[in-house]
**Student:** 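Quick one: this structure, given as structure tokens, is what I'll be asking you about.
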Amino acid sequence: MHNIRRIFRYLRYYPGEVAGTIFFNILHVVFNLSSYVLIVPIIELIFGTSQPPAAEPTLAMNQQALTDWSLWFLYQMRDTWGIGYCLLMVSVGYLACNLLSNLFRYLGYYCVGPIRQGIVQHLRDDVYHKVTILPVSYFNSQRRGDLLSRMSNDLFDIEWSVVTSVLSVAKDPINVILFAGTLIFISPRLFLYFLLIIPPSVFFIVQIGKSLKRNSSRGQRKLGLLFSRIEEALSNIRVIKSFRREDDQYACFVQSNADYRKTMVRMARRRELSAPLSEVLGTIGLVCIIILGGNLVLNGEMHSSVFILFIIVFARLVSPIQSIVRAYNNLLKGDASAARFFELLDADEKIVEKPNPVVLDDFRECIEYDDVCFTYDNGQEQMPVIDHLSLTIPKGKTVAIVGPSGAGKTTLVDLLPRFYDPQGGEIRIDGIPLLDLHIGSLRQQIGLVSQNCILFNDTIAHNIAFGHEHYSEEAVRKAAQMAYADEFIAALPAGYDTLIGDRGMMLSGGQRQRISIARALLKNPPILILDEATSALDAESEYAVQQALNALMRGRTSIVIAHRLSTIQNAEEIVVMDKGRIVERGTHDELYRLGGLYHRLVETQSFS
Ligand code: ADP
């Protein structure tokens with residue numbers, strides 16, 4: 001249960017609340033117990049079951065002396081004030097104890113609230129922060145739906161099961177200790193009989209707990225799968241519809257859902273088993289006590305009202321014990337979710353920054369790829385995607401990278417902002433290895449415009465100004481103008497304040513591209529990485545996007561994964577890649593004349 005212990009470590013942020021919870025719960029239990037003790041004189045007064053001692057007994061801290069003294073005092077009171085008045089006083093005392101007990105119970109809950117919600121808030125903050133710093137490679141190997149499920153369902157499960165147990169952990173042991181202490185005080189012998197039923201109870205409880213944990217972990221995994229299916233369907237809805245795979249997808253989902261239900265039903269049945277089981281065991285204990293204790297009373301070894309008090313306190317002891325059992329089971333169940341959650345929180349960040357990194361405040365000379373090798377690490381044996389590649393790009397130059405699909409072009413440019421680190425060789429900017437650089441300052445120098453424009457469900461202005469805390473409307477408008485986007489933005493109903501929907505789906509492909517180009521223009525980085533897209537654009541949009549790109553590349557060092565012949569022809573150098581290596585390089589004319597791979601690509605227009 002070390003995952004649970006880790007969650008409980010968050011309690012250190014709430015010392016005041018934890019102390020308050022424990023303090024108020026002790027008071028709650030003390031007054032609760034006192035109210036039960038007051039039942040004894042009520043019974044005595046009404047039924048007069050015991051004979052009062054003839055003379056005042058000496059007061060001592062043992063059960064017999066205390067009972068005798070209390071009885072003597074009670075009967076003295078009765079004789080002085082009358083039975084009606086006595087009964088009234090004891091009843092008022094009972095009521096006062098009960099009121100105080102419930103007041104402290106509420107104050108206990110009051111302190112637990114911030115702890116519960118606070119722990120979940122901490123966990124949620126931590127995991128979101130983690131997701132933003134995890135390397136890009138992590139999101140390739142993990143299904144997005146499963147990640148979402150860990151951040152929502154597993155966290156919810158932790159909240160429900162683990163954090164709910166916080167109250168039980170704070171309250172029930174106090175309850176059990178004080179109640180059991182009272183029972184021992186009343187009759188150690190009877191309490192001993194009760195202890196006999198504990199070993200079999202513990203055995204059953206542990207068995208149920210283990211099975212719950214197994215099922216819970218299976219259930220959360222299945223829920224993760226279910227979320228993945230939903231996420232996949234939502235992302236690929238167009239493809240699913242166009243290939244008419246709705247029925248298949250639905251059947252697949254139904255199967256996963258039924259699987260999940262089966263696991264959850266099994267778990268619910270196990271969980272519900274623990275309450276009746278502990279109740280039965282408690283009743284067996286009670287019956288033993290009635291038989292054995294009844295004999296003690298009949299033999300005159302115990303006052304009948306004390307015996308009744310024993311039974312009442314005993315009956316009240318069962319409930320916190322049950323609650324501890326429930327909390328234990330919940331903790332085991334939550335442990336499975338916590339394990340999944342912490343797996344995400346502890347995921348290897350891989351792309352780590354050196355201590356005292358060099359801050360790159362400007363780009364002055366050149367980018368060098370020096371004998372770089374890279375293989376995707378996704379658990380399977382892989383061919384190298386970048387294979388001993390060397391390339392120098394001087395400042396101010398535009399380099400076009402072309403090659404067949406899968407040649408490694410995207411991977412090559414992804415290495416520059418350190419989305420991945422190469423396994424061999426070195427990449428340097430101005431002679432400084434990327435590994436020595438402050439990652440934030442490195443990325444600050446790089447603008448990225450990719451095929452899949454990454455837009456957020458926000459206003460156009462915020463999308464353009466993404467990454468800038470303070471920006472002027474003027475600057476945003478200027479960037480949009482340079483990106484040939486101002487005109488269509490002005491025609492939108494709310495202009496720059498128009499909400500563009502999830503991932504910018506209210507805009508056309510060309511419009512989305514121009515927004516992301518405007519974003520790069522506003523960032524104004526000296527180095528530009530461009531993954532051109534042509535496929536999604538009609539001729540008119542393509543022209544506008546091309547104009548915007550030309551504006552963006554002006555005066556910058558650009559690495560362009562080129563798909564348009566026009567871009568390629570204008571590039572100062574063309575690098576032709578195949579199977580992770582550079583196979584040809586030069587200008588358009590030189591390479592075309594060479595008659596090699598580049599020639600073939602141009603002829604077939606297949607710069608994918
Ligand atoms: P290009 O951009 O030239 O089409 P990529 O750099 O995208 O090529 O991909 C190069 C090779 O690496 C391909 O064989 C592709 O299957 C593989 N690849 C790309 N991304 C990943 C990834 N995240 N995990 C594993 N393999 C990948």
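Numbering of ligands and ligand atoms starts at 1, following listing order.
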**Student:** Is D126 salt-bridged to K130, cutoff N-O under 4.0 Å?
**Tutor:**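 Answer for the salt bridge query: no.
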
**Student:** Less than 6.0 Å separating the ring centroids of H462 and F456?
**Tutor:**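 H462 vs F456: aromatic centres not under 6.0 Å.
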
**Student:** Who's closest to atom 13 (C) of ligand 1 heavy-atom-wise, of P404, G580, A407, G406?
**Tutor:**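 Looking at heavy atoms only, G406 sits closest to atom 13 (C) of ligand 1.
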
**Student:** Using a 4.0 Å heavy-atom threshold (strictly under), name the region of T411 that reaches ligand 1: side chain, backbone, both or neither.
**Tutor:**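 Under 4.0 Å from ligand 1, T411 contributes backbone and side-chain atoms.
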
**Student:** Within ligand 1, which atoms have a heavy atom of S405 less than 4.0 Å away?
**Tutor:**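 Counting atoms of ligand 1 from 1, those under 4.0 Å from S405 are 4 (O).
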
**Student:** Salt bridge (Lys or Arg N to Asp or Glu O under 4.0 Å) with D146: which of R229, R340, R221?
**Tutor:**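 So, applying the salt bridge (Lys or Arg N to Asp or Glu O under 4.0 Å) to D146 and each of R229, R340, R221, only R340 qualifies.
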
**Student:** Could an N or O of ligand 1 be found under 3.5 Å from any N or O of T410, whether backbone or side chain?
**Tutor:**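 It does: an N or O of T410 is found under 3.5 Å from an N or O of ligand 1.
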
**Student:** Within a strict 4.5 Å, meaning less than it, do heavy atoms of the I489 and I515 side chains meet?
**Tutor:**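 Yes, side chains in contact.
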
